[in-house]
Colleague: 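Here's a structure for you.
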Amino acid sequence: FRVESRRAALGWCLLAESATLAGAALELGLAPYFGPHMLNALLAIAGGSFLYLGGHAVHGEFRRQGVVPGFLPALAGIASPSVFRLFKLL
């Protein structure tokens, strides 16, 4: 899939990110009707899908470039919250 212009790329980006905003709005609207267990289950599904996507990306890089180039970005992503917390940046 090739995007013809920057404007089209921006449009596709906005479309993809609008799903995130729609999900957040849906959660805000439905949260009072769901119990905490239901919300925890939905968050677990969302978190699991992100773990799957991250594992898929690391596996692809591992196969393409080897162990170290494949895992260094993942390790940096895992370590960054600890660094932020250590230096109280967030």
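Every heavy atom of this structure was used, including side-chain atoms; hydrogens, water molecules and symmetry mates were not.
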Colleague: Test of understanding: clusters of I, L, V, M, F, W, Y form through side-chain heavy atoms closer than 4.5 Å, transitively. Do M38 and L30 belong to the same one?
Modeller: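 Same cluster: M38 reaches L30 through Ile, Leu, Val, Met, Phe, Trp or Tyr contacts under 4.5 Å.
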Colleague: Treat each ILVMFWY residue as a node, draw an edge where side-chain heavy atoms are under 4.5 Å apart, and state whether L28 and Y33 are in one component.
Modeller: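 No, because L28 and Y33 fall into different hydrophobic clusters, even though each may have its own neighbours under 4.5 Å.
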Colleague: Which label fits H56 and Y52: parallel for a plane angle under 30°, tilted from 30 to 60°, or perpendicular past 60°?
Modeller: parallel
Colleague: Assigning hydrophobic clusters by single linkage (Ile, Leu, Val, Met, Phe, Trp, Tyr; side-chain heavy-atom cutoff under 4.5 Å), is F50 placed with I78?
Modeller: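 No: no chain of side-chain contacts under 4.5 Å links F50 to I78.
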Colleague: Hydrophobic cluster membership, with links at side-chain heavy-atom distances under 4.5 Å among I/L/V/M/F/W/Y: are V58 and L53 in one?
Modeller: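 V58 and L53: separate clusters.
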Colleague: Could you check if a side-chain atom of T20 sits within less than 4.5 angstrom of a side-chain atom of E17, using non-hydrogen atoms only?
Modeller: yes
Colleague: Indicate the atoms forming the closest heavy-atom contact of V3 with A9, along with that distance.
Modeller: CG1-N, 3.2 Å
Colleague: Measure across P81 and G77 and return the closest heavy-atom pair with its distance rounded to 0.1 Å.
Modeller: CD-O, 3.3 Å
Colleague: How is the hydrophobic cluster of V68 composed, in terms of its other members, when Ile, Leu, Val, Met, Phe, Trp and Tyr link through side-chain heavy atoms under 4.5 Å apart, directly or indirectly?
Modeller: L72
